[in-house]
2 protein chains.
Amino acid sequence: MTERKREILALSQSVLKEKGYAATSVRDIAKSLDMEPASLYSHFKSKEDILKITCFEMADKFELAVKEVNDIYFNAEEKLRMAIKLHVEILTQNLDSALIFIRDWRNLTGTSLTQFTAKRNVYEEGFREIVHTGIDEGIFNETDKKFAALTILSSVNWIVEWYKPDGNLNAEQIAHKLSNFILSGLKKDINK
Amino acid sequence: MTERKREILALSQSVLKEKGYAATSVRDIAKSLDMEPASLYSHFKSKEDILKITCFEMADKFELAVKEVNDIYFNAEEKLRMAIKLHVEILTQNLDSALIFIRDWRNLTGTSLTQFTAKRNVYEEGFREIVHTGIDEGIFNETDKKFAALTILSSVNWIVEWYKPDGNLNAEQIAHKLSNFILSGLKKDINK
DNA sequence: CTGCTACGAACTAACGTTCGTTAGGCAAAT
DNA sequence: ATTTGCCTAACGAACGTTAGTTCGTAGCAG
């Protein structure tokens, strides 16, 4: 990908995240780039092409991250903490893409959609595996793995809805709080 | 609202939830109702009118539920469990509306959008209040109230993404699991 | 250093389609 | 007699996209 294409992609993403993919027109994107709509087609095959690249680049990042974590030999708590940390880092460092990735992937069509959900399954499975490891090790409560992984991922992904780069929590602090919450819950343990 | 309007609203919602509000045309809705597009305008002022009614009806339900819970004199754990239970019930009993409510409210414009986010704040504040109560009572960990409320709500709302009415978990079971998870976390307490 | 070629990146103009919506009418129900 | 619920027809605007062109510049042969 040329430098210019990357630049246009990034700017397009910052426009797309505002109103969502479906509600944003090619003309909207072009206007905020001070370009003619047609000029975008020198760089991208179609509007969906932009969505596709965005979603797959993010999916690749997440897939890689959770794979890395599972390849390292740690105990489950460390694995989970690291997976959450990496996940939060990817989200916060690519906030525009992340928003599009989370909200708009449903607008993909045909094989793109199929391949995307497949990729998504892979990294969700990665989280399930971490939970599984924890149960095997006897340090996580016996629980519905699928349910737990979904709940963890939802808390993590929801960050994009409220995270502000200039807020008072950085990515690492968010990851730490979130890990504590997920591992120990809200209730004070009166036995400790 | 007339019976017919209610009926058309429900059917519209089941269409809208599939591809999302912005990607669904009035003609799409009409087609699946075996109607002419223009006929919809005998019942609704505009396409956005359908979205508006959907979002506000759901917001009202949630607002009412969390208000009820906070008015009842219970301890914080009971309050939270009840709030989650009511929330899950509303989500699962109105799955189409819930999906639109959660995914598509951003497509509201003008004062509708302003009023909606205000309502949303009210019930999010209701959750923060429950967390606050728990901290005051000394039964919840000292924590970032806003952060905790957001995390709780994200887990609860994410249910709409995977819940299937004919799945093997009913609303009450989901609420129970979710409450346990949120209250006690994933980690086994070796002191108990 | 000059002149030619190739190409990237933008443009103008326009295509056919779909969009949300309105106007006006007609038949059945109240 | 009025209202309800739907129709046909059509409006103007916006949509994604294509075709064809221009302009600047980088690479290279003479």
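Residue numbers begin at 1 in each chain, while the letters A, B, ... track the order of the sequences. No experiment lies behind these values; they were computed from the predicted model shown.
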Item to check | Pair Arg81(A) + Glu77(A): basic N to acidic O under 4.0 Å | outcome: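 A salt bridge is present here (some side-chain N lies under 4.0 Å from a carboxylate O).
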Item to check | Residues Asp60(A) and Lys119(A) bridged, charged N to O under 4.0 Å | outcome: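 Salt bridge between Asp60(A) and Lys119(A), a charged N being under 4.0 Å from a carboxylate O: yes.
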Checklist entry - What's the CG-C1' distance between Asp34(A) and dC11(C), to the nearest Å? => result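 For the pair Asp34(A) CG and dC11(C) C1', the rounded distance is 14 Å.
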Checklist entry - Rounded to whole angstroms, how far apart are CG on Leu33(A) and C1' on dA10(C)? => result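 Value for this atom pair: 13 Å.
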Next on the checklist: Tell me every residue that passes ring pair (Phe, Tyr, Trp, His ring centres under 6.0 Å) with Phe147(A), counting only those two or more places apart in sequence or in another chain.
Outcome noted: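 Counting only residues at least two positions away or on another chain, Phe147(A) forms a ring pair (Phe, Tyr, Trp, His ring centres under 6.0 Å) with Trp162(B).
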Next on the checklist: Less than 4.5 Å apart, side chain to side chain, heavy atoms only: is that true for Lys177(B) and Thr151(A)?
Outcome noted: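 No, every pair of side-chain atoms sits at 4.5 Å or beyond.
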Next on the checklist: Between Asn170(B) and Gln173(B), is there a side-chain heavy-atom distance shorter than 4.5 Å?
Outcome noted: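 Of all side-chain heavy-atom pairs linking Asn170(B) with Gln173(B), at least one is under 4.5 Å.
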Item to check | Parallel, tilted or perpendicular: ring planes of Trp105(A) versus Phe116(A), cut at 30 and 60 degrees | outcome: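 Judged by the thresholds at 30° and 60°, the geometry between Trp105(A) and Phe116(A) is parallel.
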Checklist entry - Going 5' to 3' along DNA chain D, which nucleotides are the first and last within contact of chain B (any atom under 4.0 Å from a heavy atom)? => result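 That gives a stretch of dG5(D) to dA10(D).
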Checklist entry - Can you list the residues that meet the side chain to side chain contact (heavy atoms under 4.5 Å, CB included) rule with Glu7(A), with sequence neighbours excluded? => result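 Applying side chain to side chain contact (heavy atoms under 4.5 Å, CB included) to Glu7(A) gives Arg4(A), Leu11(A).
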Checklist entry - Among all residues two or more places apart in sequence or in another chain, which pass the side chain to side chain contact (heavy atoms under 4.5 Å, CB included) test with Arg103(B)? => result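 Partners of Arg103(B) by the side chain to side chain contact (heavy atoms under 4.5 Å, CB included) criterion, ordered by chain and then number, come out as Arg106(A), Leu99(B), Glu161(B).
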Checklist entry - Along nucleotides 18-30 of chain C, 5' to 3', which nucleotides get a B, which get an S, and which get a -, given that the test is a protein heavy-atom distance under 4.0 Å? => result -BBBBB-------
Checklist entry - Would one find a side-chain N or O of His43(A) under 4.0 angstrom from OP1 or OP2 of dG8(C)? => result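 It does not, given that no N or O in the side chain of His43(A) lies less than 4.0 Å from OP1 or OP2 of dG8(C).
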Checklist entry - Does Lys67(B) make a cation-pi contact with Phe62(B) (under 6.0 Å, within 45 degrees of the axis)? => result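 No, cation not above the ring by the 6.0 Å, 45° rule.
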Checklist entry - Through what angle, rounded to 10 degrees, does the axis of the helix from dC1(C)-dG30(D) to dT30(C)-dA1(D) turn between its ends, using five pairs per end? => result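 Taking five pairs per end, the axes differ by 10°.
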Checklist entry - Quick one: CG on Asp136(A) to CD on Glu129(A), what's the gap to the nearest 0.5 Å? => result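 Rounded to the nearest 0.5 Å, the CG-CD separation comes out at 10.0 Å.
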